[in-house]
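Order of appearance sets the numbers: ligands from 1, and atoms from 1 within every ligand.
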Amino acid sequence: MFDLARLTDSGLVARIDYHESLSSTSDRALTLGAEGATELPLLVLAEQQTAGRGRGSNRWFAAPGALTFSLVLEAPADRLPLRRWPQVALAAGVAVADALRSFSPAADLSLKWPNDVFLSGRKVCGILSESVPGWRDRLVVGIGVNVNNREQSLDDKESSSKTAKPIALIDHDGLERDLTKVLLEILDQFDRRWQELLHNQFIPIAAAYRERCLLTGKTVRLSQTAGNELVGVCQGIDDTGTLLLRTERGTQPIVSGTILGWDDSAR
Ligand code: BTN
């Protein structure tokens, strides 16, 4: 059970919409956001999520012990214009990695572009950032973290075969965590990064991301929306959050795409 009083008292969210069981916290958050919820940031929290969604058509399976929540956020166009929204998911990845590190300082935490958090080379957290239909200044950030749910099989088609098996924090050191504390730490770290975003300060976020970028120096295969595939050596992200891929045609800036796989042998 979550300690809702503690979450409320933290002041990190304006309202909590709590459910023992919910199909998808992001679906619920999108509905509340579209209906005009006024107390933002709004946290939609589920003890158990039964039909979580991932990027694209992927599903997100969360066994008991996983942390699943979504935030409805207000992004005023003069402070965080639409073109910078991809930075939100990158910032959320940094926030989760920093939060998990505070619980497990020795853990090998990294970020797989754009916003998967990896632990010991396996996915521990997925993040889904979506705009609220009908609103130009609202978005929903959905976060799923494997905390106390031991190794399980996520149906994550985005993962390469090498990383298909996800991992939970508990697999790393056998310690069961208080989910309220983990959530509070993530919300705190995210709030810090959110303030940076609203003050147009992406550079510290980009620097933190680069320190943890799993793909830097690796040969990456990526598919883009137009359906074409690109292969190149990852150069990390630049100060705006764009992925840089060194290909045979020079360095290509990548704003969106799906990583299909990677290997360690840089060309
Ligand atoms: C991905 O890795 O593809 C993103 C996964 C995002 C999962 C979270 S769990 C909480 C929120 N609710 C959802 O339905 N999805 C997100």
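For ligand 1, the atoms closer than 4.0 angstrom to any heavy atom of T25 are 10 (C), 11 (C), 12 (N). Those atoms of ligand 1 that come under 4.0 Å of a heavy atom in G52, given as number and element, are 14 (O). Close approach of ligand 1 to G144 is summarised as follows: ligand atoms under 4.0 Å from at least one heavy atom of the residue are 8 (C), 9 (S). Within ligand 1, counting atoms from 1 as listed, the ones closer than 4.0 Å to a heavy atom of D116 are 2 (O). Atoms of ligand 1 lying under 4.0 Å from any heavy atom of K123, numbered from 1 in the order shown and given with element: 1 (C), 2 (O). Close approach to G54 involves these atoms of ligand 1, each under 4.0 Å from a residue heavy atom: 1 (C), 3 (O), 4 (C), 5 (C).
Here the closest non-hydrogen pair linking G121 and D108 is N-OD2, 4.3 Å.
Considering each of R55, R28, R53, E130, the one bringing a non-hydrogen atom nearest atom 6 (C) of ligand 1 is R53. When I127, V44, V145 are checked for heavy-atom proximity to atom 4 (C) of ligand 1, I127 turns out nearest.
No side-chain N or O of S23 forms a donor-acceptor pair with one of T50 less than 3.5 Å apart. No hydrogens or angles considered: a donor-acceptor pair under 3.5 Å links the side chains of Q49 and T25. T242 and T240 share a side-chain donor-acceptor pair at under 3.5 Å.
Taking only nitrogen or oxygen atoms, main chain and side chain alike, Q49 reaches within less than 3.5 Å of ligand 1. Between T68 and ligand 1, no N or O atom pair is found at a separation short of 3.5 Å.
The proximity of S70 to ligand 1, defined as any non-hydrogen pair under 4.0 Å, is limited to the side chain.
Within the structure, ligand 1 lacks N58 among the residues with a heavy atom less than 4.0 angstrom away.
Listed by chain and number, the residues in a side chain to side chain contact (heavy atoms under 4.5 Å, CB included) with Q235 are V233, L244, R246 (sequence neighbours excluded). When the salt bridge (charged side-chain N to carboxylate O under 4.0 Å, His left out) test is applied to D191, no partner is found at least two apart in sequence or on another chain.
Counting non-hydrogen atoms of other residues, nucleotides and ligands closer than 6.0 Å to CZ of R136 gives a total of 12 or fewer.
Put simply, the side chain of K112 does not reach to within 4.5 Å of the side chain of K123, judged on heavy atoms.
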